[in-house]
Structure formats: structure tokens, C-alpha cells
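Just so you know, these numbers use all the heavy atoms, side chains as well, and skip hydrogens, waters and symmetry mates.
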Amino acid sequence: MPLCKTLDILRDCERRQYAVGAFNINGLDQPGALIRQAEKLGSPILMVEPGVIEQYVDFEDYVLVTARAAKQASVPVGIHLSHGLDLEQVERACKAGFTSVMYDGSKLPYEENVRNTKIAVEMGHKFGAAVEGELGALGSSFVDIKETMTDPDQARDFVARTGIDILAVAVGNAHGFYKGTPKLDFGRLSEIRRALMAYNCYLTLHGGTGIPKDHIQRSIQLGISKICIYTEMCHVGKEQAKDYIKAHPDYTGNYDIPDLIRSVTDGFTRAEADCMKMFMSTGKCGTSKADDEIPANTDLGPEYPSLVALNPGYHSVGGYWDKNL
């Protein structure tokens, strides 16, 4: 089927209390493999291009490859930009045809985060893309979990003033491997959900790797509709590659390199399957549907000082969202 609107997928997640997996990629061989695995499990999927790999995976190339795989698939597929670092990167993703984009201003002062996220929303909606924002500071493999968790009252103000469709919350979750057992603040998550009841805004959980199954499923019951996964996939992919080399002592790094790459991708799809079962998204296809196809993106975007609009040759190499920029 054609690419589906991200909001169509999230609407079904909320209605039937499951979460869609938002799976990061780091190569153009992975979209087709991940989508085929989703088909086997009858699960919708969000294919995610983390902004930090744009210098390796061009946005337009990614959309072309993923959209082609989605068109041949029987499950709903959306394309999401995660942790967009600046408005120019968000605009490039919108122009390329992403069905949803995230502007991450969580490290900025609150008012600046509001101001920039509102611009991202205007831009995304012009292109027919849903927009995600983040409030609160997540921990990571680089940083101990001493994050400032999302405040429910501030979340209400943030959503009301920006008009975002999806809110990434910090409730004890972190990127990378956890240092110790994750302890999600379910009381805070419940308060955030209640604070946003008057708004059409879905909640997403980043840093899904390592969170126990019972915590994941309780968070879904409390309003999480989208869960982001990457570290676990990379870990399993690395182990698969190590096993491949061990099993093939005659590996030359020549024509057999594609076999090694395939072993990494197999690790990604193994982790994907485990996550989809944990997210309770398997067997859910048939009711998530696109109201209409994603429109072609021919406009430059809303009026604001845009490096992309002023200089079509502009290209940001991106940076790491979890480092001080």
C-alpha cells in the first residue's frame, strides 16, 4: 500500500491500545528487510531516519527506497525523522516526503523550544506531515539518568502553544543501554496524559531498549502510542556479524561483504520482531489505513529565514543530539 500518514497509524494505536515500533535505520538495505518482517507479523511500522546519519543516508534516497518497499507491502508504513536538530533539517525531511518529523529543542531554553517547535509545526503541516516535539531532558549512554523529567503542566502549555501532534516525554527513559534497571515514573506519565486530554496529541517513548516488557506494556496502557528502538537492534546486529565471521574463517572482506551486511540486517529484524510482540502491534493490520496518500512536496515551506529556501545547495552534516552542541 502507499505510505500511510503517521497520525492514521497512531490513531489506531490509541484506539486499540498498542504501540507502533519506530525503528531507526543506518543503511538503505534495511527498509525493505524491516518492512518484510513487519508483514510477516501483521504489524504497522514507522521507518525512522535519525538525523545524525543524514551524511550517510540522503533523505530523498531514503524516501524513494522506503516508499517503494511500502507500496509492495500489505502493512501500513510511515517514514519519520527522529531528533531533527534544526529547522533546516526538518524542512529537508518534509520536502523529501517524510510522513512525520521531529524537531528536538529539548536542550534549548523553554521559550526558544516553544518558538522553534511552533515553526516546525507550521512547516510540517504545510507538507502534510505530523510533527513531534520533545519536552524534558532524556538521559543517554553518554549521560547518567539525572534528567529533568517532563512536567505535566508545562506539557499542556507546550502542546497548546506549539500545536504539535506527538510529544516525546521524559519519564525515566534514556537513550542507549541503561545503567541499572530502568524505573519509569508511571504516575508522571498518567498526569501528562490527563493534562493533554483536551488536545489531539499522541505520546511517544524514546529509549525503548532495555525497558522490561511489563513496563513497556503498562506505559502503553497509560497512553504511549509510539516507541523508538535502535540500540537493541544495533547490539543484536553486531552479535550476528560476529557469529558470521566466526562461522566463516575464510571470510575475505571481498565479494562476501554483502553476506556480512545481511547478517547485521538479520539481527535488526530479529530485534524488530521481539519488539513488535512486546508492543502488542502484531496482527493489528487491516484497520490502520491511510485516508489519502501523502501529497507531493513541491513548496519551499513557510516564510521564515530558511537556509534551505535561500540556498538550495545548503547541507547540514548534522550532529549528535545527546552531545552539547
Side-chain angles (χ1 to χ4, degrees), residues 1-14 19-25 31 34-35 38 43-54 57 59-60 62-64 66-67 69-70 75-106 116-135 158-159 162-169 199-206 208 224-230 279 281 288-297 301-302 321:
M1 60 176 67
L3 289 174
C4 290
K5 290 182 180 293
T6 297
L7 290 183
D8 286 338
I9 296 174
L10 296 180
R11 190 176 298 117
D12 192 66
C13 290
E14 184 175 70
V20 64
F23 298 100
N24 287 16
I25 61 94
L34 292 170
I35 290 170
S43 174
I45 185 172
L46 288 179
M47 297 298 308
V48 180
E49 151 72 270
V52 296
I53 68 163
E54 187 186 0
V57 181
F59 284 170
E60 292 187 1
Y62 179 52
V63 170
L64 286 172
T66 307
V75 298
V77 178
I79 304 180
H80 182 73
L81 169 68
S82 190
H83 295 289
L85 297 172
D86 52 48
L87 293 170
E88 289 73 38
Q89 188 176 57
V90 168
E91 185 177 40
R92 286 197 298 279
C94 289
K95 290 180 70 175
F98 283 56
T99 64
S100 52
V101 292
M102 177 188 187
Y103 171 74
D104 183 359
S106 61
N116 288 355
T117 302
K118 185 175 180 180
I119 293 173
V121 168
E122 294 171 354
M123 181 193 310
H125 288 180
K126 179 168 185 176
F127 286 118
V131 179
E132 177 180 332
E134 182 170 319
L135 193 60
F158 187 72
V159 172
T162 62
I164 56 170
D165 307 291
I166 309 164
L167 177 65
V169 296
Y199 302 93
N200 294 320
C201 183
Y202 299 94
L203 299 182
T204 181
L205 194 70
H206 288 250
I224 294 295
S225 298
K226 167 179 162 283
I227 300 176
C228 304
I229 294 290
Y230 184 52
F279 301 165
S281 67
S288 292
K289 62 180 181 180
D291 293 331
D292 55 328
E293 291 190 33
I294 304 302
N297 296 333
W321 55 265

Glu60/Lys95 ion pair, N-O < 4.0 Å: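 Salt bridge between Glu60 and Lys95, a charged N being under 4.0 Å from a carboxylate O: no.
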Is the closest side-chain heavy-atom distance between [X] and [Y] below 4.5 Å?
X      : Y      : answer
Ile25  : Leu34  : yes
Leu205 : Leu203 : no
Ile35  : Thr66  : yes
Ile164 : Cys201 : yes
Tyr202 : Arg11  : yes

Are the side chain of [X] and the backbone N or O of [Y] linked by a donor-acceptor pair below 3.5 Å?
X      : Y      : value
Thr99  : Ile79  : yes
Gln89  : Leu85  : yes
Asp165 : Val131 : yes
Thr204 : Lys226 : yes

Between CG on residue Leu3 and CZ on residue Phe98, distance to nearest 0.5 Å: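 Between atom CG of Leu3 and atom CZ of Phe98 there are 10.5 Å.
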Point-to-point distance, once rounded to the nearest 0.5 Å, from CZ of Arg92 to CG of Leu87: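 Going from the CZ atom of Arg92 to the CG atom of Leu87 covers 11.0 Å.
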For Ser281 against Pro44, the heavy-atom pair lying closest together: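 It is O-CD, 3.8 Å.
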Distance-minimising heavy-atom pair for Leu81 and Ala93: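 Looking at all heavy atoms of both residues, the shortest contact is CD2-CB, 3.8 Å.
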Ring geometry between Phe23 and Phe279 (parallel below 30°, tilted from 30 to 60°, perpendicular above 60°):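 Because their plane-to-plane angle is under 30°, the rings of Phe279 and Phe23 count as parallel.
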Short side-chain donor-acceptor distance under 3.5 Å, His206 and Glu134: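 Distance-only check fails for Glu134 and His206.
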Residues Ser100 and Thr6: side-chain donor-acceptor under 3.5 angstrom: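 Yes, a side-chain donor-acceptor pair sits under 3.5 Å.
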Residues Leu135, Val169; criterion side chain to side chain contact (heavy atoms under 4.5 Å, CB included); working and verdict: CA-CA 6 Å; Leu135 193 60; Val169 296; over 6 Å; no
Pair Val75-Val77, side chain to side chain contact (heavy atoms under 4.5 Å, CB included): steps then yes or no: CA-CA 6 Å; Val75 298; Val77 178; 4.2 Å; yes
Test log, rule side chain to side chain contact (heavy atoms under 4.5 Å, CB included), inputs Val101 and Phe127: CA-CA 11 Å; Val101 292; Phe127 286 118; over 6 Å; no
